[in-house]
Structures are given as C-alpha cells and as structure tokens.
Amino acid sequence: MDKVVSAAQAVSHIRSGDVLLIGGFLQWGTPETLLKALLERDVHDLTVVSNDTGTGETATICLMQQGMVSRIKSTYIGANSHSGQMLIEDPASVELIPQGTLAERIRAGGAGLGGALVEVGLGTVAAEGKPTLEIDGKTYLIERPLRGNVALIYATVCDKAGNCFMKGSTKNFNVIMPLSADIVLVEAESIVDVGELDSELIHVPGVLVDYVCQREDV
Amino acid sequence: MDKVVSAAQAVSHIRSGDVLLIGGFLQWGTPETLLKALLERDVHDLTVVSNDTGTGETATICLMQQGMVSRIKSTYIGANSHSGQMLIEDPASVELIPQGTLAERIRAGGAGLGGALVEVGLGTVAAEGKPTLEIDGKTYLIERPLRGNVALIYATVCDKAGNCFMKGSTKNFNVIMPLSADIVLVEAESIVDVGELDSELIHVPGVLVDYVCQREDV
Amino acid sequence: MNAKEIIARRAALEPSDNNLINLGIGLPTMIANFVPADVEIVLQSENGILGVGPKPAPGEGDWHIYDAGGGLVTVKPGAMFFDSAYSFSLIRGGHVDITFLGALQVDEQGNLASWMVPGRRVTGMGGAMDLVVGAKRVVITMEHTQKGTPKLLAACTYPLTAVGVVDRIITELAVIDVTPKGFVVRELAEGVTFKDVCDVTDAPLIPDDQILKMRLAGVDNREDDRC
Amino acid sequence: MNAKEIIARRAALEPSDNNLINLGIGLPTMIANFVPADVEIVLQSENGILGVGPKPAPGEGDWHIYDAGGGLVTVKPGAMFFDSAYSFSLIRGGHVDITFLGALQVDEQGNLASWMVPGRRVTGMGGAMDLVVGAKRVVITMEHTQKGTPKLLAACTYPLTAVGVVDRIITELAVIDVTPKGFVVRELAEGVTFKDVCDVTDAPLIPDDQILKMRLAGVDNREDDRC
C-alpha cells in the first residue's frame with residue numbers, strides 16, 4: 001500500500017477547527033514541509049498541540065501570523081513571539097502544560113487510558129481546576145488524555161507503507177503523537193521501499209500512518 | 001564503569017521476601033542463566049512477577065519446585081503446571097492480571113505515575129475489589145503501580161555499562177521492567193565494549209542496570 | 001470441508017485492505033491462510049510484532065522471533081518489533097481493526113466468556129481482556145455448540161472476559177451479529193435453515209430482513225446468494 | 001573567578017560516580033566542564049538523549065542530535081536516544097540522580113519558583129516541574145541575590161514550580177541545605193562570613209555545627225577546610 005502523496009494532498013485532510021498534534025522540539029525535527037503546505041490552505045480556528053510551538057525560524061509561527069490558530073497547548077513558548085502575544089491578549093487561548101505531563105496525556109489518548117495520574121504540578125498553577133485522587137496517602141492530579149484530529153510528523157526515513165525511523169533526538173513527540181490522532185501525516189527526509197528499513201529501527205508502524213510526503217530542503 | 005559479574009554474583013543481591021520482575025514471554029527471552037544461578041541460593045518467600053511464569057522447559061518452574069516462590073503475579077499460567085497447582089492450593093497466592101494491565105502497572109511503577117486508568121477488566125473478576133473512577137461518563141479501574149526489588153532481564157547484546165539491545169520479540173517485558181526495580185540484573189547472549197552497540201539500537205539504558213552477566217547456552 | 005475450515009474461510013472475508021488484525025490462538029490462526037489476495041492485512045502478535053508472516057520451514061527460523069503462542073514465525077517486509085507496553089497501547093488504544101478469537105459462551109448483550117470454565121483448571125486471561133475491550137471490532141470464531149451444548153446464550157453463565165464487546169459471531173452454521181435488539185442472523189451456511197440454528201442456540205434469534213447464504217473465501221460464491 | 005564559575009565548580013562536586021544528571025539551561029550547563037575526571041556522569045537532555053557529550057566544533061555536528069536548549073551536541077559512546085514519553089518516565093520515575101537548575105526564589109520549605117515572574121512575559125515551565133518533582137535530588141545553582149534582592153526567602157512570592165522539592169542551594173557565597181528546621185548553612189565561600197550571607201538572605205539561616213569552607217572542583221582544597 002503506497003501512502004506517498006504531495007504535501008498539498010496530505011494537508012488537504014486538515015479542516016477548520018481541527019486539533020493538530022505537531023512533532024518536533026524547538027527548531028529541530030518539526031514538519032516544516034507539511035506546515036508550509038498548510039499555509040496555502042484556507043482553514044482557521046486550529047488548535048496547535050506541540051512541545052513549544054517552534055521558534056521564530058519554524059513554520060508554526062507563520063500559521064499563527066496568518067490568523068489560522070485559535071488555541072495552543074504547549075510546555076514552553078519562549079522561542080515563539082506570537083505564542084507569547086496570544087497569551088497576553090487572550091490568556092484562555094494558551095494552555096501551558098508540564099512537558100512530561102503533555103507527553104503522558106498524549107500517550108494516554110493513544111493508548112486507551114482514562115488519563116495520567118501525576119504529582120507534577122501539584123501546588124502550582126498547573127493544578128488549577130484539575131481533579132485529584134488520593135492513592136496510598138499520596139495525592140495525584142488526574143490529567144486528561146489529549147488527542148488530535150490530525151498529527152503532523154517528521155521522520156528521517158519513512159517507507160511507502162508509512163513505517164518511520166526518527167534519528168537521534170528527533171524522536172521527541174514525533175514518535176508518540178501518531179498513536180493519538182485520527183489522521184497521521186508524515187514528512188520524511190528520505191522515502192524508501194517497504195523492506196528497506198530495518199525492522200529494529202522502526203519507531204512508528206505504518207498502520208498508524210495515513211499519508212507520507214517528501215520533506216523539502218529547509 | 002564495568003558492570004560485568006558472574007551470574008552467581010549477580011543473584012547474590014536477591015533476598016528472601018523479594019519481589020522479582022522476570023522478563024520473557026513463554027519459553028523465549030527469559031533470563032535462564034540468572035534463574036539457574038538463583039536455584040543455588042538459599043532464599044525463599046519470593047514473589048514472581050512475569051507474563052506467564054515460563055513453561056515446563058524454563059527455570060522459573062524450578063524455583064517453584066524448590067519452594068522458593070510464595071506469590072505469583074502473572075497474566076497466563078497455562079504453560080507452567082506448578083503455577084496452576086499453586087492457584088488450586090492457595091488461590092490468594094496467585095494474582096491473574098490482564099496482559100496490558102500488567103505492562104501498564106509495571107510502567108507506572110517505573111515512570112512515577114500513581115497508577116493506570118483502564119477499562120479492561122470492568123465487569124469481570126479482574127475488577128474485584130479495585131477502586132474505580134468516572135471520567136467523562138466512562139468508568140475506569142484504578143490499577144496500582146507494580147515495582148520489584150530486583151528485575152531479572154534477558155538481553156541479546158549488552159555493553160559493559162549495561163546498555164541493552166533486545167532482538168525481535170524478546171523485547172516484551174524485558175524492555176519495561178528495568179525502570180521498575182531497585183536492582184536490575186541483565187544476562188546477555190553477547191557482552192560488548194561500550195560504544196560497540198549502535199545508539200539507535202539501545203532499548204534499556206545502562207544507568208538503569210546494576211549487574212551484567214554472560215548468558216550460558218540453554 | 002470441516003466446521004473449522006468453514007468458519008476460517010468465512011472469517012477471512014471480514015478484513016478490509018490495510019487492516020491491523022489480531023488472531024487468537026487455535027482456530028483464528030487459520031484465518032490468515034484464506035484472506036483474499038487483494039486484501040492486504042497486517043497481523044499483530046501481542047508479544048511484540050506487527051507484520052507477522054508465515055511459520056518458518058521446519059528447522060529454520062530465529063528463536064528471537066516468535067508469536068504469542070510461543071511458535072517461531074517469520075516477519076514480512078516492513079514488520080516492527082516492540083515491547084509489551086507499546087503492544088497494548090496499540091491494542092487498548094483502538095488501533096487493532098479486528099480481533100478474532102474463540103469463545104466458551106457469548107450472550108445477546110455481547111458479553112463474552114472465553115477464559116475460564118468454573119471447576120476446571122484456570123490458566124489466566126493473557127491478553128484476551130485487553131484485546132476484546134480495545135479492538136475496534138470483535139469477531140468470535142467458534143463452533144456453534146460445545147458438543148451439542150449451546151454456546152450462544154441469553155446470558156453467559158461462565159466468568160466473563162468482558163461486558164458488551166462482541167460485534168459478530170461466525171460459526172459453521174451462521175453469521176450472527178450482536179445488535180441492540182439481540183442476536184440477528186445475517187448469513188446461513190449452505191444447507192442450513194434458520195430453524196436449524198435456533199435449535200442449537202439458547203437465546204432468541206432475529207432473522208435479518210434478507211438472510212444471505214454464507215460466503216466463503218476461496219470458494220465460488222457467484223450463485224444466487226439469498227438463502 | 002566570577003560568581004558563576006564559583007557556583008559551577010562547587011556544583012561539580014555533587015555528583016557521585018555513574019550518576020544520571022540533568023542540567024538546566026544557562027549556568028547549570030557549565031557544571032559538566034568541572035566534574036572531576038574520576039567521576040563518570042551520564043548527562044540526560046530531556047528532549048531525548050542519555051549520554052550527552054561536548055558541543056561539536058563550529059560548522060560540524062548533526063542537526064538530528066541536539067539538546068533541550070536547541071543547541072547541537074555530540075554524544076558519548078553508549079549514548080541512547082528516546083522519545084519524550086520515555087524521557088519523562090526516567091525523570092518522573094526517580095531515575096535522575098540530580099537535577100541542577102537555576103531559580104528566581106527558594107524558600108525554607110523547599111518551595112521553588114523558577115518559571116514565572118508576575119507581570120513579565122510568561123514562557124512556560126517546559127520540563128522544569130517534572131524534573132524537580134521527579135529527580136532524587138534537586139540542587140539549585142544561582143547567584144545569591146537578584147542584583148541585591150534576596151532570592152532565599154521565608155516564603156516564595158512568585159508562582160511556584162513545585163512544593164517542598166529543593167534539597168540544596170549553591171550560590172557564590174554558600175552551600176545551604178533545606179532541612180525540616182529550615183535553611184542550614186553547610187559551607188561558606190572563601191572570605192565570606194555567616195553574617196555576610198544572613199545580610200542578603202530574607203529567611204532565618206541556621207549555621208551547621210561545623211561550617212566548612214566551600215570546596216571547588218579543580219581548585220586546591222587541601223588547606224584547612226573549616227571556616
């Protein structure tokens with residue numbers, strides 16, 4: 001099954017109002033080609049879920065500058081000035097989440113779990129309004145699962161069936177988000193035939209991936 | 001830091017009353033050399049946590065036959081006649097757990113989570129006596145974290161610092177248990193120098209591993 | 001054709017192209033042999049493989065690569081290996097399209113009893129509870145009776161594997177769906193009447209508006225398919 | 001030697017052999033340079049590396065390998081890469097022996113404020129809340145005051161990063177532990193008196209029974225180490 005399409009075809013599955021899970025960490029391992037293709041679409045009211053909404057050099061900020069993004073769920077927005085601006089203008093539009101909790105909420109959403117029980121954030125603003133649970137005398141926050149309509153994922157190598165390898169520290173959220181989105185779009189530096197990728201190096205199985213496109217030079 | 005010792009030295013860290021996390025799935029990828037060394041120790045009242053307590057051909061059953069094991073936490077014991085016998089003679093000594101729940105409880109124990117929220121087992125004997133939690137109108141079991149005093153782990157290749165590679169389907173519980181035990185013992189088919197194992201093929205980091213021994217032919 | 005082969009050939013028509021499938025031990029493992037050539041499926045083995053292939057030739061195979069039954073297997077190109085936590089993330093998370101498994105009893109609420117006969121030796125649920133709760137679709141493949149004793153009931157009497165999870169039951173006699181109204185008979189095997197099925201079922205059966213003749217993979221189904 | 005180097009050289013004496021260490025952005029990254037040669041530490045970067053090595057030479061490096069600050073790094077032999085869920089399993093699960101990070105305020109209950117100054121631009125907590133709750137030992141490395149304004153307080157006034165997590169504070173003036181009784185001064189930097197530290201601290205300080213002279217990695221500490 002060949003899942004290879006153009007970046008424009010891949011992002012044609014994104015609709016206004018969608019929650020987008022976007023892989024990457026700061027300026028590295030973000031799906032730049034998919035994001036740039038999305039800039040050409042007439043969609044709005046998107047929610048961006050990502051570690052940091054990228055930096056001034058990555059494309060998520062362009063989506064924001066075009067007014068396509070209404071909400072952010074992220075751990076750190078210090079490198080994206082537009083995210084900071086959104087937080088000032090409309091604090092309710094930005095949810096800041098401890099990094100491990102964001103990872104665990106996304107994992108829970110993809111793994112059929114009812115949520116994650118964490119101590120992280122107790123006694124801080126990150127706990128405000130959240131239910132807690134007492135277990136063996138310890139208090140835990142009940143953190144809700146987080147899923148997306150579409151995941152935008154970077155891969156170093158991807159085969160035509162969607163099996164992905166993420167090199168080095170580009171694994172970050174790129175490896176966990178494909179479990180937690182209805183539609184998964186992958187951009188790969190290198191697209192190979194099925195069987196060329198060593199089974200021991202596959203981080204995301206093709207069964208989770210819907211469309212694959214070639215990453216352009218960035 | 002060289003962590004290589006003999007199997008006898010490795011298992012010398014096991015004490016009576018310990019909870020042992022034992023990797024493997026049926027007759028494959030179980031730490032046979034460590035278990036056989038443990039047979040020479042004078043310890044008792046052990047709790048065995050493993051997917052299936054092995055088969056008639058693997059060594060966990062020998063621990064049982066020597067009267068060293070008091071309790072079992074497992075998903076399936078149909079291939080180990082002694083486990084079945086324990087269940088008949090003392091039902092309270094055997095806890096049967098759905099396989100995904102066992103994996104998630106062990107993961108929670110190693111990942112600092114308060115437990116796992118699962119729907120699996122609701123309405124069955126697996127839910128008896130367990131607290132539940134309602135989230136968004138759905139009911140979840142609150143499954144407790146599960147940790148061990150010592151983990152006994154199989155690796156295909158391990159370097160002298162304890163970094164492990166598990167080939168093919170030997171990953172099973174071998175990859176997740178090292179996070180969840182105070183002391184981690186690894187037996188490896190092949191022990192190599194640090195740096196010989198490709199960073200992309202390391203499934204368990206050496207920082208989690210205390211002792212490494214050579215696997216004997218089985 | 002014996003009962004098991006009829007069941008496996010009918011079940012082989014369930015998957016759609018690119019489906020992720022989990023096959024229980026026993027009869028369900030036969031299904032892979034009959035899936036039509038134009039339907040590509042990916043087989044999961046819950047001990048840690050996506051992309052299970054055929055068994056190796058006798059004396060061959062790599063003992064690091066085996067399935068959840070403990071048998072050595074090969075893998076197809078593009079196969080992936082993973083640990084038990086990831087495996088059950090796939091299973092619980094709804095990523096398995098169909099799980100096929102046998103049963104001791106199924107009732108009209110879709111309750112399933114498949115892991116424990118009271119008074120007999122208990123072996124544990126393994127991954128069955130996770131699979132039937134997590135998979136998008138649960139298809140039970142089993143002989144219609146246990147040596148004449150009905151297995152389709154108004155209410156299960158054995159300890160449950162899960163509550164309200166069964167979508168479809170395929171036996172050598174019929175294809176039966178669990179619906180909000182109860183058991184609905186969709187297809188009947190060659191030469192089997194609706195009354196034949198009722199006689200060996202301990203629950204009300206509802207005939208579908210148009211009961212079809214049971215189709216079988218690899219068998220010519222072109223003749224009139226109404227019963 | 002400037003304040004930052006004093007702090008980094010003292011902090012470098014904290015790790016034991018084979019410790020897993022996480023270094024926050026800024027001053028803490030300097031610590032790795034001063035760890036004694038006979039102490040082997042493994043550096044974690046929470047974006048997905050165990051075994052971080054030095055920065056690559058300018059113009060070299062592989063952009064697939066970078067740290068949590070976004071800077072390219074090299075890795076040591078035996079390094080491992082992983083995803084964010086595994087990274088924070090290590091962090092929350094108590095597998096990180098020491099996390100070193102800066103702070104805006106620390107109080108005598110061990111409360112930490114490090115991520116948000118009210119009225120100033122908010123950037124988010126990143127992985128800091130997870131690190132200070134999960135690590136076995138939390139060591140704050142910071143200048144003793146913010147341009148003269150005390151940062152060690154009876155009670156933090158800024159929004160907290162976590163409650164009751166700080167074990168030790170290392171400043172250019174002193175090494176101070178958080179104990180059930182409050183702040184205890186363990187070591188004083190060369191030429192610094194207990195009163196000097198009290199003057200720039202907005203909380204009661206308890207002198208240790210035997211205050212030592214602050215030791216510094218890579219500096220001869222053999223002379224009398226009582227203050």
Side-chain angles (χ1 to χ4, degrees), chain B residues 23-29 51-53 55 72 74-81 83-85 87-88 91 94 96-104 106-108 110-111 116 118-127 156 166-177 179 189 203-204 218, chain C residues 25 45-50 52 61-75 79-93 109 111-116 118 120-134 156 158-165:
Chain B
F25 197 105
L26 293 171
Q27 70 271 47
W28 307 116
N51 181 65
D52 44 50
T53 69
T55 70
I72 292 170
S74 188
T75 82
Y76 175 83
I77 56 171
N80 178 332
S81 57
S83 297
Q85 201 56 36
L87 181 61
I88 291 165
V94 179
L96 292 170
I97 304 170
Q99 198 165 122
T101 298
L102 179 64
E104 209 59 30
I106 293 170
R107 180 179 183 274
V118 301
E119 291 179 274
V120 174
L122 279 173
T124 78
V125 297
T156 314
M166 285 74 167
K167 185 180 178 189
S169 33
T170 67
K171 294 173 185 60
N172 55 60
F173 285 86
N174 286 309
V175 166
I176 57 177
M177 286 173 164
L179 282 157
E189 282 185 73
H203 297 119
V204 173
V218 287
Chain C
I25 314 289
S45 190
E46 65 265 30
N47 63 317
I49 311 179
L50 273 186
V52 177
D62 174 350
W63 73 259
H64 301 87
I65 299 171
Y66 57 89
D67 67 14
L72 299 189
V73 293
T74 61
V75 293
M80 175 183 181
F81 302 111
F82 38 76
D83 63 50
S84 298
Y86 192 87
S87 183
F88 284 88
S89 292
L90 287 171
I91 288 168
R92 261 192 330 262
Q109 286 80 42
N111 297 329
L112 170 66
S114 67
W115 74 286
M116 188 176 162
R120 280 223 244 129
R121 200 161 74 87
V122 178
T123 59
M125 66 290 279
M129 288 188 180
D130 310 83
L131 278 160
V132 297
V133 169
C156 291
Y158 290 171
L160 295 183
T161 308
V163 174
V165 295

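Remember, it's a predicted structure, so these values are computed and weren't measured experimentally. All heavy atoms count here, side chains included; hydrogens, waters and symmetry mates do not. Here is the naming used below: chain letters follow the sequence lines, and residue numbers restart at 1 for every chain.
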In terms of ring plane angle, is the pair B/Phe25 and C/Tyr66 parallel, tilted or perpendicular, where the classes change at 30° and 60°? tilted
Which one of B/Leu87, B/Val125, B/Asp52, B/Thr55 has the most heavy-atom pairs closer than 4.5 Å to chain C? B/Leu87
Using non-hydrogen atoms only, which part of C/Leu72 is less than 4.5 Å away from chain B: side chain, backbone, both, or neither? side chain
Tell me which of these, C/Gly69, C/Gly70, C/Gly48, has more heavy-atom pairs under 4.5 Å with chain B than the rest. C/Gly70
Toward chain C, the part of B/Ile97 with a non-hydrogen atom under 4.5 Å: backbone
Using non-hydrogen atoms and a 4.5 Å limit, figure out which bit of C/Ala162 sits close to chain B: side chain, backbone, both or neither. backbone
Given that the side chain runs from C-beta out, which part of C/Ala68 has a heavy atom under 4.5 Å from chain B: side chain, backbone, both or neither? both
Looking at every heavy atom in both C/Arg121 and B/Gly84, which two are closest together, and how far apart are they? NH1-CA, 4.3 Å
Between B/Ile88, B/Thr156, B/Asn172, B/Val175, who has the most heavy-atom pairs with chain C when the cutoff is under 4.5 Å? B/Asn172
When B/Arg107, B/Met166, B/Glu189, B/Glu119 are compared by non-hydrogen pairs under 4.5 Å with chain C, the top option: B/Glu189
Smallest separation among heavy atoms of C/Leu160 and B/Gly123, with atom names: CD1-O, 3.9 Å
Pick from C/Asp83, C/Val133, C/Val122: which one has the most heavy-atom pairs with chain B under 4.5 Å? C/Asp83
Can you tell me how far the CG atom of C/Asn47 sits from the OG1 atom of B/Thr170, to the nearest 0.5 Å? 10.0 Å
Smallest separation among heavy atoms of B/Val118 and C/Arg92, with atom names: CG1-CD, 4.2 Å
Chain C contact via B/Thr101 - which portion, at a heavy-atom distance below 4.5 Å: both
Taking the side chain as every heavy atom from C-beta outward, state whether B/Gln99 and C/Phe88 have any atom pair closer than 4.5 Å. yes
When rounded to the nearest 0.5 angstrom, what distance separates CD1 in C/Ile65 from CH2 in B/Trp28? 11.5 Å
Go through the atoms of C/Asn111 and report whether side chain, backbone, both or neither lie under 4.5 Å from a heavy atom of chain B. neither
Evaluate the side-chain contact (heavy atoms from CB on, under 4.5 Å) criterion for residues C/Met129 and B/Thr124: first the C-alpha distance (whole Å), next the side-chain angles of each, then the deciding distance (0.1 Å), finally the verdict. CA-CA 9 Å; C/Met129 288 188 180; B/Thr124 78; 3.5 Å; yes
Below 4.5 Å from any heavy atom of chain B, which atoms of C/Ser45 appear? Answer side chain, backbone, both or neither. neither
Any side-chain heavy atom of B/Leu96 within less than 4.5 Å of one from C/Trp115? yes
What part of C/Phe82 lies closer than 4.5 angstrom to a heavy atom of chain B: side chain, backbone, both or neither? backbone
Which atoms of B/Leu122 are under 4.5 Å from chain C, going by heavy atoms: the side chain, the backbone, both sets, or neither? backbone
Within the side chain of C/Asp130, is there an N or O that forms a donor-acceptor pair under 3.5 Å with the backbone of B/Gly100? yes
